[in-house]
Each structure stands twice: as structure tokens, then as C-alpha cells.
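Would you mind keeping the following structure in view while I ask a few things?
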Amino acid sequence: MIITIDGKSCTGKSTIALLLSKKINFSYINSGLLYRAITHEILKNKIDLINFKNKEEQIKLLINHYNFDLQKINENISIFKTIEISKFGTEIAKLQFVRDKVNDYISEINSKYKNIIIEGRDIGTKVFPNADFKFFFIADIDIRANRLALERNSKEINKIKIEIQKRDLEDENRKNSPLKKAISAILIDTSKLTIEETVNILEQHLK
Ligand SMILES: Nc1ncnc2c1ncn2[C@@H]1O[C@H](COP(=O)(O)OP(=O)(O)OP(=O)(O)O)[C@@H](O)[C@H]1O
Ligand SMILES: Nc1ccn([C@H]2C[C@H](O)[C@@H](COP(=O)(O)O)O2)c(=O)n1
């Protein structure tokens with residue numbers, strides 16, 4: 001069985017997908033983390049991502065030789081959650097060859113597991129349009145900004161709000177696989193829900 005969770009930034013996708021996967025004993029893939037891992041690799045190789053349009057060939061060469069190490073990625077999540085990777089990750093995710101690399105890897109993992117929960121931006125629309133259950137998360141922008149501020153231990157709520165709004169806009173308006181709700185996806189507004197309540201609501205839908 002394939003369960004997908006898509007939605008805007010900081011709506012709770014990864015938190016809920018991870019908890020639900022443990023509760024119902026499913027494998028879990030955080031596809032955003034794969035885009036972040038590629039972005040980290042590019043930055044590590046000192047490719048300057050400001051005005052990176054003329055560096056696409058250089059990035060492509062690097063990505064062709066890159067292998068995901070899921071265990072290492074999952075054990076070092078904080079490395080990939082920096083403000084810099086959040087900002088450039090949105091840009092890198094616009095490149096179709098990067099999307100192909102991530103999606104090929106997702107297919108590879110999926111072929112090994114029977115039951116899987118995958119979260120991201122285009123999972124229910126593009127990657128697994130025939131998924132058994134699709135969810136689409138939304139939440140109020142102020143609540144999302146407060147959640148991220150809390151996570152980062154920051155008081156700069158307005159700055160964080162602008163950062164999230166910019167990422168939403170980029171994700172929704174890119175040419176390749178833009179963020180949008182699949183028609184058959186169940187809409188979940190996490191604004192007023194606790195983490196536990198959200199997990200329970202999803203579990204109810206699966207029954
Ligand atoms: N229902 C909730 N109530 C309170 N806090 C929440 C809730 N859901 C998630 N959070 C918190 O909000 C923050 C963002 O959640 P999370 O990283 O799961 O969102 P996301 O949608 O995966 O974001 P992104 O796509 O940017 O990675 C985390 O610190 C998480 O603990
Ligand atoms: N299926 C996906 C997952 C993620 N992205 C992009 C969008 C984000 O800007 C970036 C990092 O994701 P996050 O960790 O914030 O969920 O990756 C995408 O385009 N498609």
C-alpha cells in the first residue's frame with residue numbers, strides 16, 4: 001500500500017508521516033530530505049548557487065555520480081535543515097534532472113517495500129498518481145511561522161514567515177511538478193490540531 005502526504009512547508013508532513021509510519025509499521029520516505037541532500041552535495045562541492053542557471057551542466061555531472069545514502073541522511077537530518085539549504089533546495093528542486101534523480105531513487109526504495117508512506121510536494125500528483133491514500137496538508141501561515149521559529153529557537157517570526165511564503169510561492173509556481181493538491185487527496189488543515197490529533201485523523205481515514 002502507498003500513502004502519500006503532500007503540502008506546503010511546515011504544515012507537519014514529515015512529523016506526521018514519521019509518527020504514522022511507526023504506528024502502522026510502514027516504511028517512510030521524506031522526499032524533501034532527498035532534495036536537501038542533493039543541495040548539500042552541490043554546496044559541499046563549492047558550486048556557487050547564486051545565479052546557478054549557467055552551472056546546470058556542472059551540477060548535472062555531479063548529480064550523475066551522486067548516490068543517496070539514506071541511513072547517513074536520516075542520521076544527520078539537522079545538517080540538511082539549515083536556512084541556506086532550505087533556500088537553495090527550493091531552487092535546485094526546479095531542475096528536472098534533479099527531480100528524475102530523486103524519483104528514480106524513490107522507485108528503487110518502493111520496489112523493496114510493500115507498505116510505504118511518502119511525503120513531499122508532488123508525490124500524489126506526479127510520483128504516485130495511483131497511490132492508495134493521498135493526503136494534502138495546509139495550515140495557517142502565522143501558525144507555520146511560529147512552529148518553525150520554535151524549531152529553530154528563533155524570535156524572528158516575521159522573517160521566517162516571509163521565508164516560508166517565498167518557498168510556497170516557488171513550489172507552487174515552478175514549471176516542473178508544481179505543488180498542488182491531487183483531486184483525490186484528502187485535505188487536512190493542521191492549524192488547530194496537535195501532532196497526536198493529526199496522526200489519529202489520518203489513521204481513521206485509513207480504516
Ligand atoms: N500539528 C502540529 N502542532 C504543532 N506543531 C507541529 C504540528 N505539526 C508539526 N509541528 C511542528 O512544526 C514544525 C514543522 O513540521 P514538519 O517539519 O513536520 O513540517 P513539513 O511540512 O514536513 O515541513 P517542510 O516541508 O518544510 O520540511 C516541526 O517543528 C513540528 O514539530
Ligand atoms: N516531492 C518534493 C519534495 C520537496 N521538494 C522541494 C521543495 C522544498 O523547497 C525542498 C525541500 O523540501 P522540504 O524538506 O522543505 O519538504 O524540496 C519538491 O520539490 N518536491
Side-chain angles (χ1 to χ4, degrees), residues 1-36 70-71 73-78 80-81 86 89 93 102-103 106-107 109-154 157 160-161 163-165 167-168 171-172 177-207:
M1 182 193 287
I2 299 177
I3 301 171
T4 66
I5 306 180
D6 290 301
K8 296 186 179 192
S9 285
C10 302
T11 49
K13 301 181 300 296
S14 46
T15 307
I16 303 305
L18 176 64
L19 289 174
L20 182 65
S21 70
K22 285 183 177 161
K23 209 169 168 185
I24 62 174
N25 201 18
F26 271 44
S27 300
Y28 160 61
I29 304 176
N30 176 338
S31 64
L33 213 44
L34 302 177
Y35 286 98
R36 285 172 185 268
L70 202 54
Q71 193 182 344
I73 292 172
N74 282 328
E75 283 170 4
N76 295 283
I77 289 179
S78 58
F80 307 109
K81 287 285 199 175
S86 298
V102 168
N103 292 339
I106 291 175
S107 299
I109 303 179
N110 178 49
S111 65
K112 291 185 191 149
Y113 300 98
K114 214 169 121 220
N115 294 317
I116 197 156
I117 300 183
I118 311 182
E119 59 97 348
R121 302 291 190 290
D122 61 339
I123 309 298
T125 48
K126 282 272 176 177
V127 186
F128 291 111
N130 298 321
D132 301 271
F133 287 93
K134 298 180 192 177
F135 297 96
F136 191 86
F137 281 16
I138 54 166
D140 178 85
I141 180 64
D142 290 303
I143 290 173
R144 289 192 282 148
N146 273 295
R147 286 176 182 170
L148 189 54
L150 201 68
E151 185 182 301
R152 286 186 185 164
N153 202 10
S154 163
I157 303 203
I160 289 177
K161 184 173 165 180
E163 177 193 325
I164 296 175
Q165 281 171 322
R167 289 178 61 207
D168 285 348
D171 286 337
E172 285 170 329
S177 307
L179 166 69
K180 62 175 181 216
K181 181 185 167 300
I183 294 168
S184 57
I186 300 162
L187 187 72
I188 308 279
D189 185 344
T190 69
S191 309
K192 292 184 180 150
L193 298 172
T194 64
I195 291 172
E196 198 189 1
E197 282 169 342
T198 315
V199 172
N200 289 339
I201 289 172
L202 261 61
E203 216 184 346
Q204 286 305 315
H205 280 289
L206 303 178
K207 282 183 180 155

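Values below: every heavy atom of this structure, side chains too, minus hydrogens, waters and symmetry copies.
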Legend entry - Short side-chain to backbone donor-acceptor contact, Ser154 and Leu150, under 3.5 Å: no

Inset, instruction - Compare every heavy atom of Gly7 with every heavy atom of Thr11, then report the nearest pair and how far apart it is. - result: OG1-C, 4.3 Å

Inset, instruction - With rounding to the nearest 0.5 Å, note down the distance linking OG1 in Thr15 to CD1 in Ile195. - result: 5.5 Å

Inset, instruction - Apply side-chain contact (heavy atoms from CB on, under 4.5 Å) to Lys134 and list each qualifying residue two or more places apart in sequence or on a separate chain. - result: Thr4, Ala131, Ala182, Ser184, Ala185

Inset, instruction - Check Arg144, Arg147, Lys13 against Thr190 for a side chain to side chain donor-acceptor pair (under 3.5 Å) and give me the one that passes. - result: Arg147

Inset, instruction - Would you confirm whether Asp132, through its side chain, and Ile3, through its main-chain N or O, come within 3.5 Å as a donor-acceptor pair? - result: no

Legend entry - Closest heavy-atom pair and its distance - Asn30, Ser14: ND2-CB, 3.6 Å

Inset, instruction - Any chance you could measure Gln165, atom CD, to Lys8, atom NZ, to the nearest 0.5 Å? - result: 9.0 Å

Inset, instruction - Enter the distance from Ser27:OG to Leu70:CG here, rounded to the nearest 0.5 Å. - result: 10.0 Å

Legend entry - Check: Thr125 and Ser177 side chains under 4.5 Å, non-hydrogen atoms: no

Legend entry - Short N-O contact, Asp142 and Lys161, less than 4.0 angstrom: yes

Legend entry - Smallest separation among heavy atoms of Asp6 and Ile123, with atom names: OD1-N, 2.9 Å

Inset, instruction - Would you mind reporting whether Arg152 and Lys81 have side-chain heavy atoms less than 4.5 Å apart? - result: no

Legend entry - Heavy-atom closest pair, residues Arg36 and Phe80: NH1-O, 2.9 Å

Legend entry - 4.5 Å side-chain heavy-atom contact, Phe135 and Ile16: no

Legend entry - Rounded distance [0.5 Å steps], CG in Asp171 versus CD1 in Ile164: 12.0 Å

Legend entry - CD1-CD1 distance between Ile201 and Ile188, expressed to the nearest 0.5 angstrom: 6.0 Å

Inset, instruction - Indicate yes or no: at least one non-hydrogen side-chain atom of Leu202 is less than 4.5 angstrom from one of Phe137. - result: yes

Inset, instruction - Taking the side chain as every heavy atom from C-beta outward, state whether Ile118 and Val127 have any atom pair closer than 4.5 Å. - result: no

Legend entry - Ser191 versus Asp140, closest heavy-atom pair with distance: OG-N, 2.8 Å

Legend entry - Heavy-atom neighbours of Ile183 CD1 exceed 12 at 6.0 Å: no

Inset, instruction - Would you sort out whether Ile143 and Asn146 count as a side-chain contact (heavy atoms from CB on, under 4.5 Å), showing the intermediate values? - result: CA-CA 5 Å; Ile143 290 173; Asn146 273 295; 5.7 Å; no

Inset, instruction - Look at atom NZ of Lys126 and say whether more than 12 heavy atoms of other residues, nucleotides or ligands are closer to it than 6.0 Å. - result: no

Legend entry - Side-chain heavy atoms of Asn115 within contact of Asn25, under 4.5 Å: no

Inset, instruction - Report yes if some heavy atom in the side chain of Ile29 is under 4.5 Å from a heavy atom in the side chain of Leu34; otherwise report no. - result: yes

Legend entry - Test item: Lys180 and Phe136 side chains (from C-beta on) under 4.5 Å apart, heavy atoms: no

Inset, instruction - Please report the shortest heavy-atom distance between Ile116 and Phe26, naming the atom on each side. - result: N-CD2, 3.3 Å

Inset, instruction - Can you establish whether the number of heavy atoms outside Lys23 located under 6.0 Å from its atom NZ is more than 12? - result: yes

Legend entry - Nearest-0.5 Å distance, SG of residue Cys10 to CD of residue Glu163: 8.0 Å

